[in-house]
Each structure stands twice: as C-alpha cells, then as structure tokens.
Amino acid sequence: MNGLFNGLAAGLRQVGELTINGVWRLGFATRFLLAVLLASGQSVRRIHLTIRELYFSGVLSLLIIIVSGLFVGLVLGLQGYDILQRYGSADAVGVMVALSLLRELGPVIAGLLFASRAGSAIAAEIGLMKTTEQLKAMDMMAVDPIARVVAPRFWGGVLSMPLLAALFSAMGIFGGWLITVVVIGVDDGAFWSQMQSAVEFRYDVLNGVIKSLVFGTVVSLIAVFEGYDCQPTAEGVSRAITRTVVTSALAILALDFVLTSFMFRGL
C-alpha cells in the first residue's frame, strides 16, 4: 500500500514539475517575443539583414516547396478524378484541387516543410552561435544579439512563409491541371471555369494567406526561441532542433483546426 502511494506521489510530482516547466517556458517565450518585437526597429533600419534572412529562409526553400507542391497536386488530381467520375462530376476536379490546396493543404504542408527545412536551420544556427559564445561576445561589445541575430531571422521567416505557401498552392493547381487535363483528358475549359466560379478570394485565398502568416510567425518564433534557449552543448543544439520541428508541427496542426473553426463555421 505504501509502495502504491509513493508511486502515485512520484507520478504527481513529475506531472506537476512538467506543468510548471511548461508554464515557465511559455511565459519566457512570451517575454522573448516581446523583446524581439521591441528590437525589430534595427531590423528595419538594417534592411539588408532581413533581406539576407529572406533569402536563407525563403529562396533556399523553393526547391522542396515547388517539387512537393507539384506532386501533391498530381496526387490530388488523380484521387479527385477517380472519386468524382463515379458520380459524373469529373469536370469539377479543378474545384476540388483548388479548394483543398488554398484552404488547407497549401498552408499546412508548406508550413511543415518550412519548419523542417528553414526552422531547424535557424535553430541550429542560433544554437551554434550560443555554443561558441558568439552571442556573449556581441553582448560584451554592446551589440544586442536579439536585434542583430534573432529579429532578422524571425522576420525573414514571417515574411517568406506566405510566399512559399502561395507558390506551393500554385504548383499544386498546376500539377492537378497537368494530370487531369493533359494526361487524363478532362475538358480544359470546364477545369478552369468551374474553378474560377467556385473559388472566392475572401473565403478561400485570403483565409489561406492568413493561415500561412500565422504558421510562419509561430514557426519562426519557435525556431529562434529554441535556438536562443538551448544548452550550449552539441547535445543541447540537437535537442533544440528536434524540439523546433516537433513543436512546430504540433502547433501548425492545432492552429489549423482553430483557424478553420473560426473561418468556415458560417459557411
């Protein structure tokens, strides 16, 4: 009986410790975000730093975004045609591809790819700078490391994510057109006309842009925070990279549900 009681007590202590640590890290992350926002003025004045991070986070992620978007569109076209042609609605495959990509798959999959490629690289870069004490050296030279290192990377990720999601959706629609119109033989005019009549800018395109902007903000914040807060060891950097990818993926999926419930509940 005493052993059972001690085991329950130990389990409760562990749960309490994890809860307290989670609340503490959440509060520290909020303060860290405020510090980044307050230091963002220097990123505007030194615009070349932000442009360099835009290249690092956005341009270097183009290959995986474009290729993934194309193949996702090809798969959507095949699956959509197989389902819709059973009900005599094969011409509406363009609507299904466009709405699936613009509303959900474009922002979500692009966000996951962005977290895996750019987010992990940002966390590793900042974590390595902390391990080699470059951040401490900046602080000793009266250079704010948050303004010089963190803020440009944060804004580079925030600005590049909506553009990457838009390119992903565009390539996905092109892939759907390629497999259904060029390969299978769906009418080209019906494919585009039904898509244009069904897709609305406010409820489909704009909501997808809002989602991608939120995902970019969250992923960039997680990446810079994990890199800045990691233990200054090789193991600490590897853990920061892992936490960045896992936490970003879970945050994207959870926020996608929350945003979708607010955006489309009235339709």
Side-chain angles (χ1 to χ4, degrees), residues 47 50-80 93-123 152-183 188 191-192 194-196 198-224 244-245 248-249 251-253 255-256 259-260 263:
I47 193 64
T50 304
I51 293 176
R52 185 180 65 182
E53 298 307 323
L54 275 171
Y55 173 81
F56 178 78
S57 300
V59 176
L60 296 183
S61 301
L62 280 178
L63 180 61
I64 187 173
I65 291 293
I66 290 175
V67 174
S68 300
L70 178 63
F71 281 107
V72 168
L74 293 172
V75 172
L76 277 177
L78 283 174
Q79 294 284 6
V93 65
V95 177
M96 190 215 70
V97 172
L99 293 180
S100 299
L101 287 167
L102 293 174
R103 287 184 175 185
E104 292 296 327
L105 294 181
V108 171
I109 298 181
L112 295 175
L113 294 174
F114 179 79
S116 302
R117 215 294 305 174
S120 60
I122 291 173
R153 287 165 174 78
F154 173 77
W155 288 111
V158 171
L159 296 176
S160 62
M161 179 61 217
L163 301 177
L164 293 175
L167 287 173
F168 185 95
S169 299
M171 288 303 300
I173 293 174
F174 173 75
W177 170 83
L178 187 66
I179 194 65
T180 56
V181 174
V182 178
V183 177
D188 191 15
F191 182 92
W192 292 113
Q194 293 198 31
M195 181 191 302
Q196 291 174 359
V199 174
E200 297 184 15
F201 179 80
R202 177 182 176 185
Y203 293 108
D204 302 317
V205 178
L206 184 59
N207 285 340
V209 173
I210 294 173
K211 280 187 177 184
S212 61
L213 186 62
V214 173
F215 296 160
T217 302
V218 172
V219 171
S220 301
L221 176 61
I222 292 173
V224 296
T244 297
V245 177
S248 297
I252 287 172
L253 296 176
L255 287 172
D256 179 56
L259 292 173
T260 301
M263 289 176 176

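Given the structure is predicted, the values throughout are model-derived calculations rather than measurements. Position 1 is the first residue of the sequence, and the numbers go up from there.
Leu159 is not listed as a side-chain neighbour of Phe154, based on a closest heavy-atom distance of 4.5 Å or more. Between Arg202 and Asn207 there is no side-chain heavy-atom pair separated by less than 4.5 Å. No side-chain heavy atom of Val95 sits less than 4.5 Å from a side-chain heavy atom of Phe191. Taking 4.5 Å as the limit, some side-chain heavy atom of Phe71 sits within range of a side-chain heavy atom of Val67.
Shown here for Val214 and Leu255, the closest heavy-atom pair between the two residues is CG1-CD1, 4.1 Å. The shortest heavy-atom contact between Leu76 and Ser100 is CD1-CB, 4.2 Å. The two atoms that bring Gly80 and Val93 nearest to each other are C-CG2, 4.0 Å, heavy atoms only. Here the shortest heavy-atom pairing between Ser57 and Ala118 reads O-CB, 4.0 Å. Across all their heavy atoms, Gly156 and Thr50 have their closest contact at N-CG2, 4.4 Å. Residues Gly77 and Ile179 come closest through the heavy atom pair CA-CG2, 3.8 Å.
Between atom CG of residue Leu167 and atom CG of residue Leu164 there is a gap of 6.5 Å, rounded to the nearest 0.5 Å. Between the CE atom in Met195 and the CG atom in Asp204 there is a gap of 11.5 Å [rounded to 0.5 Å]. The CE atom of Met161 sits 8.5 Å away from the CG atom of Leu113 when rounded to the nearest 0.5 Å. Here CZ of Phe168 is found 11.5 Å from CD1 of Ile66. Values are rounded to the nearest 0.5 Å. Glu53 CD to Ser220 OG: the interatomic distance, rounded to the nearest 0.5 Å, is 10.5 Å. Put simply, CG on Leu253 and OG on Ser248 are 10.5 Å apart, with the number rounded to the nearest 0.5 Å.
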Begin from the C-alpha positions of Phe215 and Leu112 and carry the test side chain to side chain contact (heavy atoms under 4.5 Å, CB included) through to its verdict.
-> CA-CA 9 Å; Phe215 296 160; Leu112 295 175; over 6 Å; no
Could you walk me through whether Arg103 and Thr260 pass the side chain to side chain contact (heavy atoms under 4.5 Å, CB included) check?
-> CA-CA 9 Å; Arg103 287 184 175 185; Thr260 301; over 6 Å; no
Quick one: do Phe114 and Ile65 satisfy side chain to side chain contact (heavy atoms under 4.5 Å, CB included)? Show the steps, please.
-> CA-CA 8 Å; Phe114 179 79; Ile65 291 293; 5.6 Å; no
Before giving the answer on side chain to side chain contact (heavy atoms under 4.5 Å, CB included), spell out for Trp192 and Ile173 the whole-Å C-alpha distance, their side-chain angles and the decisive distance to 0.1 Å.
-> CA-CA 10 Å; Trp192 292 113; Ile173 293 174; 4.0 Å; yes
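Listed by chain and number, the residues in a side chain to side chain donor-acceptor pair (under 3.5 Å) with Thr244 amount to none (sequence neighbours excluded). Every salt bridge (charged side-chain N to carboxylate O under 4.0 Å, His left out) that Glu104 has, sequence neighbours left out, goes to Lys211.
Ser212 places a side-chain N or O within donor-acceptor distance of the main-chain N or O of Val209, the cut-off being under 3.5 Å. A donor-acceptor pair is defined here as one N or O able to donate and one able to accept, closer than 3.5 Å; no such pair exists between the side chain of Asp256 and the backbone of Ile252.
A 6.0 Å sphere centred on CG of Leu63 holds no more than 12 heavy atoms belonging to other residues, nucleotides or ligands.
The cationic group of Arg117 lies under 6.0 Å from the six-membered ring centre of Phe56 and within 45° of the ring axis, placing it in a cation-pi geometry.
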